[in-house]
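Notes to accompany the following structure.
Below, all heavy atoms of this structure are taken into account, side chains as well, without hydrogens, waters or symmetry copies. We're numbering straight along the sequence, starting at 1. Only a predicted model underlies this, so the values are computations on that prediction, with no experimental measurement involved.
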Amino acid sequence: MPASTAAPTDTLEQAAPAAPSFAAGETVTVGTSTGSEVEPGPIGSAGQPYLIAEDGTITLPLIGKVQAAGKTPGELQDDITKLYVPSYFISLAVTVTAQFRVYYVGGEVMHPGPVNYLSETTVTKAIQAAGDFTQFASHTVWLTHSADGTRQEVKVDKALKDPTQDPPVFPGDQIHVPRRYF
């Protein structure tokens, strides 16, 4: 039987944002190592924090400004490695990690406010991390993506039964749980 060429009608699949990327105002930790105690890297292997400036850059030793905003940790790590090797080092291990990335859950949840973004999560998991619904909560919530400002309605009861209806949440995103009307 031939595969269907019809466009998907599920708006959640169409609206899924890309992997989380850095934004101005975030802090990233960059560490480097040459693998030699005799010749250390330009930044200690334990890492050093760098604040992403309003122009989206961080300034590193020897190479200067590097675009960080809009890049994932892996992309930024690759860019930094290419700027140091082979111009300054024969080989260099670069690590980039994010500090204090959060998403926000507000409204009718037990513990509203920022929640640490530890790894991939979804709307239902984010609500559970905020202590779950209060007795007054609507089970239709709103997810606002920080990357592009899009707003998405999520029916939590459906999302619990069908994981394709449970959109991903990324750092900076906001989930609003309104009060239900009786």
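Considering every non-hydrogen atom in both Val141 and Pro178, the closest pair reads CA-CD, 4.2 Å. Among all heavy-atom pairs drawn from Val154 and Pro167, the shortest one is CG2-CG, 3.7 Å. Of all non-hydrogen atoms in Ser146 and Asp173, the two that sit nearest each other are N-OD1, 2.8 Å. The shortest non-hydrogen separation linking Thr72 to Ser21 is N-CB, 4.1 Å. Contact detail for Phe170 and Tyr103: the closest heavy-atom pair is O-CB, 3.8 Å. The two residues Ala68 and Ile58 have their closest heavy-atom pair at CB-CG2, 4.3 Å.
For Ser36, the side chain to side chain contact (heavy atoms under 4.5 Å, CB included) partners are Thr34, Val38, Glu39, not counting sequence neighbours. With sequence neighbours excluded, no residue forms a salt bridge (Lys or Arg N to Asp or Glu O under 4.0 Å) with Lys82. By the salt bridge (Lys or Arg N to Asp or Glu O under 4.0 Å) test, Lys155 pairs with Glu153, sequence neighbours left out. For Ala23, the side chain to side chain contact (heavy atoms under 4.5 Å, CB included) partners are Glu26, not counting sequence neighbours.
Cluster partners of Leu51: none. The rule joins Ile, Leu, Val, Met, Phe, Trp and Tyr whenever side-chain heavy atoms lie under 4.5 Å apart, and it links nothing here. Think of Tyr181 as one node in a network of Ile, Leu, Val, Met, Phe, Trp and Tyr side chains linked at under 4.5 Å; it has no links at all. In the hydrophobic clustering, Val102 connects to Tyr104, either directly or through intervening members, whenever side-chain heavy atoms lie under 4.5 Å apart. Cluster partners of Trp142 are absent, since no Ile, Leu, Val, Met, Phe, Trp or Tyr has side-chain heavy atoms less than 4.5 Å from it.
Counting heavy atoms from C-beta on, the side chains of Pro73 and Leu76 never come closer than 4.5 Å. Here the side chains of Leu60 and Pro42 are not in contact, with every heavy-atom distance at 4.5 Å or above.
Applying the salt bridge (charged side-chain N to carboxylate O under 4.0 Å, His left out) test to pairs two or more places apart or on separate chains, none has a residue in residues 111-121. Among residues at least two apart or in separate chains, side chain to side chain donor-acceptor pair (under 3.5 Å) pairs with a member in residues 124-141 are Glu108-Thr134, Thr122-Thr124, Thr124-Asp166, His139-Asp157. Counting only residues at least two apart or on different chains, the side chain to side chain donor-acceptor pair (under 3.5 Å) pairs with a member in residues 57-69 are Asp55-Thr57, Asp55-Lys65.
The cluster map of Ile, Leu, Val, Met, Phe, Trp and Tyr, joined by side-chain heavy atoms under 4.5 Å apart, puts Phe133 and Leu143 in the same cluster. Both Ile43 and Phe22 belong to a single network of hydrophobic side chains, linked directly or stepwise wherever heavy atoms of I, L, V, M, F, W or Y lie under 4.5 Å apart.
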Which atom pairs, one a donor and one an acceptor, fall under 3.5 Å between side chains of residues 83-93 and the rest of the protein, sequence neighbours left out?
unit_1	atom_1	unit_2	atom_2	d
Tyr84	OH	Pro61	O	2.6
Tyr88	OH	Leu62	O	3.3

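In this structure a side-chain-to-backbone donor-acceptor pair under 3.5 Å is present from Gln77 to Val96.
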